[in-house]
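Every chain is numbered from 1, with letters handed out A, B, ... down the list of sequences.
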Protein chains: 2
Amino acid sequence: MPKREWDRAFAYFKKKMTSSRQAIMEVFEEEKKHLSAEEVYDSLKGKNQKVGIATVYRNLDLLTQMGILHRVYFGDGLEHYEITRKPIHHHHLVCNKCGSVIDYSELIEESEFISKLEQELNTRYNFKIESHQMYFYGLCKKCR
Amino acid sequence: MPKREWDRAFAYFKKKMTSSRQAIMEVFEEEKKHLSAEEVYDSLKGKNQKVGIATVYRNLDLLTQMGILHRVYFGDGLEHYEITRKPIHHHHLVCNKCGSVIDYSELIEESEFISKLEQELNTRYNFKIESHQMYFYGLCKKCR
DNA sequence: ATTACAAATGATAATCATTATCATTATCGC
DNA sequence: GCGATAATGATAATGATTATCATTTGTAAT
Ligand SMILES: [Mn+2]
Ligand SMILES: [Mn+2]
Ligand SMILES: [Zn+2]
Ligand SMILES: [Zn+2]
């Protein structure tokens with residue numbers, strides 16, 4: 001929604017604000033899901049705002065580098081993207097049978113624990129942690 | 001090493017113990033790394049125990065389903081596999097610059113915390129958790 | 001040990017996701 | 001508005017993984 005914010009972000013990264021990029025972000029805002037490149041492409045086509053598939057890939061990549069999107073992988077052979085929701089990070093429950101995905105926001109103690117863990121790992125391995133992802137695999141309500 | 005154990009595992013899953021499968025497992029025992037299908041294939045070729053690439057893929061999949069191997073994804077576009085090490089689970093630190101991966105065994109408090117968290121998620125979402133994976137991304141010692 | 005049959009394999013074609021190429025078009029600072 | 005340059009789109013190319021199918025191999029029963 002806040003197109004203003006994107007303008008600022010694109011300016012900061014010295015990138016141009018194009019109608020393709022705007023249209024792609026609108027898809028994510030409307031669908032509020034984890035979308036693959038192909039899904040974004042199809043959604044745009046359906047809205048008569050066709051954008052080339054190569055441009056979709058390019059911009060999903062760019063938006064991920066800019067931190068506006070996040071790339072996630074659920075083990076089904078293709079990448080998915082979602083809007084970065086701040087300040088609350090979230091993790092994923094992936095059903096091994098039907099492939100459905102549940103988002104859940106980190107619990108407070110969880111965020112705290114992971115912060116401490118990251119500090120520990122940082123010193124122990126001299127590794128500067130910038131982000132993390134956690135996936136739980138199992139059986140969802142319908143499939144268990 | 002304990003070929004005996006594999007025999008038992010394959011019998012349990014009603015699968016045949018073949019020389020290909022044995023050769024593939026030997027590669028993992030020798031290399032102790034995260035290997036892609038292509039890397040396993042090349043390693044076998046180098047040892048004059050050539051196994052078709054399709055067979056490598058098929059068996060990496062089978063061994064994963066059997067729990068003998070684990071499938072991991074570091075964001076570089078191809079799947080990697082590693083021997084399942086029990087009872088101590090481990091997680092991964094992935095360098096965003098050079099792509100190197102550090103394994104680290106779950107700390108004691110970490111295992112405990114995750115167990116509790118899994119119970120909580122189990123009841124909250126009625127989701128039966130079977131496994132989890134955690135990835136930390138950042139800059140390794142050399143790249144920071 | 002031999003047999004019989006299904007499972008496994010290997011060569012290779014096919015598929016699917018993603019990336020590269022390059023001619024054309026759109027954006028932005030002047 | 002102009003010009004430099006980034007962005008786009010059509011499509012070819014690539015790379016990983018899966019499907020196909022004729023042949024071989026493992027296993028359990030004889
Ligand atoms: Mn999510
Ligand atoms: Mn590992
Ligand atoms: Zn399910
Ligand atoms: Zn590095």
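- Side-chain N or O atoms of A:R21 include none that pairs as donor or acceptor with a backbone N or O of A:L63 at under 3.5 Å.
- Here A:Q133 pairs with A:V72, A:Y135, B:Y137 under the side-chain contact (heavy atoms from CB on, under 4.5 Å) rule; sequence neighbours left out.
- Pairs engaging residues 128-144 of chain B under the salt bridge (charged side-chain N to carboxylate O under 4.0 Å, His left out) rule: none recorded [sequence neighbours left out].
- Residue pairs meeting the ring pair (Phe, Tyr, Trp, His ring centres under 6.0 Å) criterion with at least one member in residues 108-129 of chain A, sequence neighbours excluded, are A:F113-B:F113.
- Grouping Ile, Leu, Val, Met, Phe, Trp and Tyr residues whose side-chain heavy atoms lie under 4.5 Å apart, directly or via other members, leaves B:L78 alone, with no other cluster members.
- Separation of the B:Y104 and B:H90 ring centroids does not fall under the 6.0 Å cut-off.
- Contact annotation for B:E79: backbone-only contact, meaning every heavy-atom pair under 4.0 Å involves sugar-phosphate atoms and none involves a base.
- Identified under the salt bridge (charged side-chain N to carboxylate O under 4.0 Å, His left out) test for residues 117-126 of chain B, with sequence neighbours left out: B:E120-B:R124.
- A donor and an acceptor atom, one from each side chain of B:H132 and B:H91, are located under 3.5 Å apart.
- Formation of a donor-acceptor pair under 3.5 Å by the A:Q22 side chain with backbone atoms of A:S19 is not found in this model.
- When the C1' atom of D:dA16 is taken as reference, atom OH of B:Y73 falls 10 Å away, rounded to whole Å.
- Within the structure, salt bridge (charged side-chain N to carboxylate O under 4.0 Å, His left out) pairs that include any residue of residues 90-102 of chain A do not occur (at least two apart or interchain).
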How does protein contact run along nucleotides 22-30 of chain D, one letter per nucleotide 5' to 3', with B for base contact, S for sugar-phosphate only, - for none, heavy atoms under 4.0 Å?
-> ----BS---
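- The rotation axes computed at either terminus of the helix from C:dA1-D:dT30 to C:dC30-D:dG1 lie 50° apart, taking five pairs at each end and rounding to 10 degrees.
- Residues passing the salt bridge (Lys or Arg N to Asp or Glu O under 4.0 Å) test with A:K45 are A:D42, sequence neighbours excluded.
- Counted by atom type alone, B:E106 and B:H89 present zero donor-acceptor pairs between their side chains at under 3.5 Å.
- Contact footprint of chain B on DNA chain C: nucleotides with an atom under 4.0 Å from a non-hydrogen protein atom, first to last in 5' to 3' order, C:dA6 to C:dT12.
- Applying the side-chain hydrogen bond (donor to acceptor under 3.5 Å, both in side chains) test to residues at least two apart or on different chains, the pairs with a partner in residues 64-75 of chain B are A:E79-B:Y73, B:D61-B:R71, B:H70-B:T84, B:R71-B:Y81.
- Residues from residues 39-64 of chain B placing a heavy atom under 4.0 Å of any atom in DNA chain D, listed by number, are B:A54, B:Y57, B:R58.
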